[in-house]
Novice: 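A single structure is presented below for examination.
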Amino acid sequence: MKRSEINRQQKAASALFADYRFALPPFAAWGEAQWRADPETAHYCRAHQMGWDVTDFGSGDFEKRGLVIFCVRNGLQSQAHSKPYAEKLLVVGEDQETPTHAHRIKMEDIIVRGGGNLIIEFHNMTEDGRRADTPVEVRVDGVRTALEPGAPLRLTPGQSVTITRNLWHRFYGEPGKGTVFVGEVSQVNDDLTDNIFLDGLGRFAAIEEDEEKLYPLWNELPE
């Protein structure tokens, strides 16, 4: 994935959040020099995986398979005294897929804050880690909702779904409805250890440095 594309997506996401009057913390607009001038904050944010995350999941086609994330707050799964929650903002394009994955530890609520509709497809997980061909049950804003395996669940702005552990899920923006502004409220998030991808995909993009960074990604912050 080219750095110029990451920069472009960060600008577009910042504008989208501003349109919805969701103000980001000041460090969202820090460049490399500002991070290096505050190594203590850089170390904290990197350790807690806070900040920008733009990925194509190794697909080489961000528009078709990709995601923009900004992690606002997060704890550490390895530390019992750390905060037990996380919050993320996601930008999902029309028909732009976040591929099938699950989490071993994290439970999460996925919330459509505005924009278009989000489509999510679920499968239960078999004991050997495959997709089960069994009915799925989720809670949509507290309402018990039964789904056939892989059936699309449509979330419109204001709606949310609780995703439990070890539940396969993939999501994308409904075609023709516009970009989706998504919120995620969850238990502590660890993108280095707690994501299981059905097809063995990579979580992070390989980056081609064709221009200067606008805002470093959280895993590029000084250690």
Novice: Is Thr156 reaching over with its side chain to a backbone N or O of Arg154, donor-acceptor style, under 3.5 angstrom?
Specialist: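 No: the side chain of Thr156 does not pair with the backbone of Arg154.
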Novice: When clusters are formed by joining ILVMFWY residues with side-chain heavy atoms under 4.5 Å apart, either directly or through shared neighbours, do Ile69 and Ile207 land in the same one?
Specialist: no
Novice: Should the pair Lys88-Asp191 be classified as a salt bridge under the 4.0 Å nitrogen-to-oxygen rule?
Specialist: yes
Novice: To the nearest 0.5 Å, tell me how far Arg113 CZ sits from Leu90 CG.
Specialist: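 With rounding to 0.5 Å, CZ (Arg113) is 11.0 Å from CG (Leu90).
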Novice: Under a 4.0 Å threshold between the charged nitrogen and the carboxylate oxygen, would Glu97 count as salt-bridged to Lys64?
Specialist: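 Salt bridge flag = no for Glu97 with Lys64.
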Novice: Would Leu155 and Leu153 count as a side chain to side chain contact (heavy atoms under 4.5 Å, CB included) if you check the C-alpha gap in whole Å, the side-chain angles of each, and the deciding distance to 0.1 Å?
Specialist: CA-CA 6 Å; Leu155 297 180; Leu153 172 70; 4.1 Å; yes
Novice: Provide the closest heavy-atom pair for Pro157 versus Gly115 in the form atom of the first, atom of the second, distance.
Specialist: CG-O, 3.3 Å
Novice: Testing the basics here: between Leu118 and Gly173, what is the closest heavy-atom pair and its distance to 0.1 Å?
Specialist: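 Looking at all heavy atoms of both residues, the shortest contact is CD1-N, 4.5 Å.
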Novice: Within the distance-only criterion (no hydrogens, no angle test), does the side chain of Asp56 pair as donor or acceptor with the backbone N or O of Ala205 below 3.5 angstrom?
Specialist: no
Novice: Tell me whether Glu212 at atom CD has more than 12 heavy atoms from other residues, nucleotides or ligands lying less than 6.0 Å away.
Specialist: no
Novice: I want to check something: taking the side chain as every heavy atom from C-beta on, are His101 and Ile196 in contact at a cut-off of under 4.5 Å?
Specialist: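 They are not in side-chain contact.
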Novice: If I compare all heavy atoms of Trp168 with all of Arg130, which pair ends up nearest, and what's the gap?
Specialist: NE1-O, 3.1 Å
Novice: Check Val180 against Gly116 and note the closest heavy-atom contact, atom names and distance.
Specialist: CG1-O, 3.6 Å
Novice: Measure centre to centre between the rings of Phe27 and Phe70, then say whether the value is under 6.0 Å.
Specialist: yes
Novice: Does the distance from a Lys or Arg side-chain N to an Asp or Glu carboxylate O, for Glu137 and Arg144, drop under 4.0 Å?
Specialist: yes
Novice: Take Asp109 and Thr162, measure what side-chain hydrogen bond (donor to acceptor under 3.5 Å, both in side chains) needs, and give me the verdict at the end.
Specialist: CA-CA 4 Å; Asp109 276 10; Thr162 299; 2.7 Å; yes
Novice: Would you please test Leu167 and Val138 for side chain to side chain contact (heavy atoms under 4.5 Å, CB included) and show each step?
Specialist: CA-CA 10 Å; Leu167 181 62; Val138 294; 4.0 Å; yes
Novice: Under 6.0 Å between ring centres: does that hold for Phe57 and Phe197?
Specialist: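 Phe57 vs Phe197: aromatic centres under 6.0 Å.
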Novice: For Asp133, I'd like to know if atom CG has over 12 heavy atoms of other residues, nucleotides or ligands within 6.0 Å.
Specialist: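 Counting other residues, nucleotides and ligands, CG of Asp133 stays at 12 neighbours or fewer.
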Novice: Any non-hydrogen side-chain atom of Phe122 less than 4.5 Å from a side-chain atom of Thr164?
Specialist: no
Novice: Tell me if a side-chain donor or acceptor on Glu87 pairs with a main-chain N or O of Glu184 at a distance below 3.5 Å.
Specialist: no
Novice: Answer whether the closest heavy-atom distance between the side chains of Val136 and Thr134 falls below 4.5 Å.
Specialist: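 Not in contact.
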Novice: With the side chain counted from C-beta on, respond yes when Tyr85 and Val188 share a heavy-atom pair under 4.5 Å apart, and no when they do not.
Specialist: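 Not in contact.
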Novice: Side chain of Gln34, backbone of Gly31: donor and acceptor closer than 3.5 Å?
Specialist: yes
Novice: Please verify the inter-ring angle class for Phe171 with His169; under 30° counts as parallel, over 60° as perpendicular, anything in between as tilted.
Specialist: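 Rings of Phe171 and His169: parallel, under 30°.
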Novice: Out of curiosity, Ser186 OG to Ile110 CD1, how far, rounded to the nearest 0.5 Å?
Specialist: 8.0 Å
Novice: Cluster question for you: counting only ILVMFWY and a side-chain heavy-atom cut-off of under 4.5 Å, with indirect links fine, are Val182 and Val140 together?
Specialist: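 Yes: a chain of side-chain contacts under 4.5 Å links Val182 to Val140.
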Novice: Run the side-chain hydrogen bond (donor to acceptor under 3.5 Å, both in side chains) test on Asp61 and Ser59 for me, step by step, so that the C-alpha distance in whole Å, both residues' side-chain angles and the decisive distance to 0.1 Å come before the verdict.
Specialist: CA-CA 5 Å; Asp61 188 352; Ser59 68; 5.9 Å; no
Novice: Arg165 vs Arg104, test: side chain to side chain contact (heavy atoms under 4.5 Å, CB included). Steps then yes/no.
Specialist: CA-CA 6 Å; Arg165 301 180 187 95; Arg104 291 295 191 192; over 6 Å; no
Novice: Answer yes or no: is there a donor N or O on one side and an acceptor on the other, between the side chain of Tyr172 and the main chain of Val92, under 3.5 Å?
Specialist: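 Such a contact is absent between Tyr172 side chain and Val92 backbone.
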Novice: As an exercise, state the distance from CZ of Arg8 to CD of Gln10, rounded to the nearest 0.5 Å.
Specialist: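 The CZ atom of Arg8 sits 12.0 Å away from the CD atom of Gln10.
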Novice: Please examine the side chains of Asn195 and His103, heavy atoms only from C-beta on, and report whether any two atoms are closer than 4.5 Å.
Specialist: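 With C-beta onward as the side chain, the pair touches.
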Novice: How many angstroms lie between CZ in Phe204 and CG in Leu217, if you round to the nearest 0.5 Å?
Specialist: 9.5 Å
Novice: Does Asn124 use its side chain to pair, donor to acceptor, with the backbone of Pro135 at less than 3.5 Å?
Specialist: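 Answer holds: yes.
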Novice: Less than 4.0 Å between a side-chain N and a carboxylate O, is that true for Asp95 and Arg65?
Specialist: no
Novice: Got a second to check how far Arg170's CZ is from Thr98's OG1, nearest 0.5 Å?
Specialist: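 Reported to 0.5 Å precision, the distance equals 10.0 Å.
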Novice: Look only at the side chain of Asp190 and the backbone of Asp194, and say whether a donor-acceptor pair between them is shorter than 3.5 Å.
Specialist: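 No, because the side chain of Asp190 does not come within donor-acceptor range (under 3.5 Å) of the backbone of Asp194.
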Novice: Using side chain to side chain contact (heavy atoms under 4.5 Å, CB included), reason through Gln49 and Trp218 one step at a time and then give a plain yes or no.
Specialist: CA-CA 6 Å; Gln49 302 179 19; Trp218 71 257; 3.4 Å; yes
Novice: Return yes when atom NZ of Lys213 has more than 12 non-hydrogen atoms of other residues, nucleotides or ligands closer than 6.0 Å, and no otherwise.
Specialist: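 Yes, enclosed.
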Novice: Any luck finding a side-chain donor-acceptor pair between Asn189 and Lys106 under 3.5 Å?
Specialist: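 Present: a donor and an acceptor within the cut-off.
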Novice: So how far is it from Tyr215 OH to Ser14 OG, rounded to the nearest 0.5 Å?
Specialist: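 Separation between the atoms: 5.0 Å.
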Novice: Do the side chains of Glu220 and Arg3 get close enough for a salt bridge, i.e. N-O under 4.0 angstrom?
Specialist: yes
Novice: Please check this pair: side chain of Asn7 against backbone of Leu214, looking for a donor-acceptor N/O pair closer than 3.5 Å.
Specialist: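 Such a contact is found between Asn7 side chain and Leu214 backbone.
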Novice: Same cluster or not: Val54 versus Trp30, using hydrophobic residues (I, L, V, M, F, W, Y) connected whenever any side-chain heavy atoms lie under 4.5 Å apart?
Specialist: yes
Novice: Could you tell me whether the side chain of Val185 reaches within less than 4.5 Å of the side chain of Ile111, counting heavy atoms only?
Specialist: yes
Novice: In this structure, would Val72 and Leu16 fall into the same cluster of hydrophobic residues linked by side-chain contacts under 4.5 Å?
Specialist: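 Yes, because Val72 and Leu16 connect within a single hydrophobic cluster, where side-chain heavy atoms sit under 4.5 Å apart.
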Novice: Show your reasoning for whether ring-ring contact (aromatic ring centres under 6.0 Å, His included) applies to His48 and His43.
Specialist: CA-CA 9 Å; His48 289 76; His43 175 77; 8.7 Å; no
Novice: Any sub-3.5 Å donor-acceptor pair from Trp52's side-chain atoms to Ala28's backbone N or O?
Specialist: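 Checking the backbone N and O of Ala28 against the side chain of Trp52, a donor-acceptor pair under 3.5 Å is found.
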Novice: Same cluster for Leu198 and Ile120 if Ile/Leu/Val/Met/Phe/Trp/Tyr side chains link at under 4.5 Å?
Specialist: no
Novice: Once you measure the plane-to-plane angle for Phe17 and Phe181, does it fall in the parallel (<30°), tilted (30-60°) or perpendicular (>60°) bin?
Specialist: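 Phe17 and Phe181: tilted rings.
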Novice: I want to check something: taking the side chain as every heavy atom from C-beta on, are Pro216 and Trp35 in contact at a cut-off of under 4.5 Å?
Specialist: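 The answer is yes, as the side chains (C-beta and beyond) meet within the 4.5 Å cut-off.
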Novice: What I want to find out is whether Glu5 reaches Lys2 closely enough, with some N-O distance under 4.0 Å, to be called a salt bridge.
Specialist: no
Novice: Indicate yes or no for a side-chain donor-acceptor contact from Arg131 to the backbone of His123 under 3.5 Å, with no hydrogens or angles considered.
Specialist: no
Novice: Are Arg46 and Glu223 within salt-bridge range, i.e. N to O under 4.0 Å?
Specialist: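 Glu223 and Arg46: salt-bridged.
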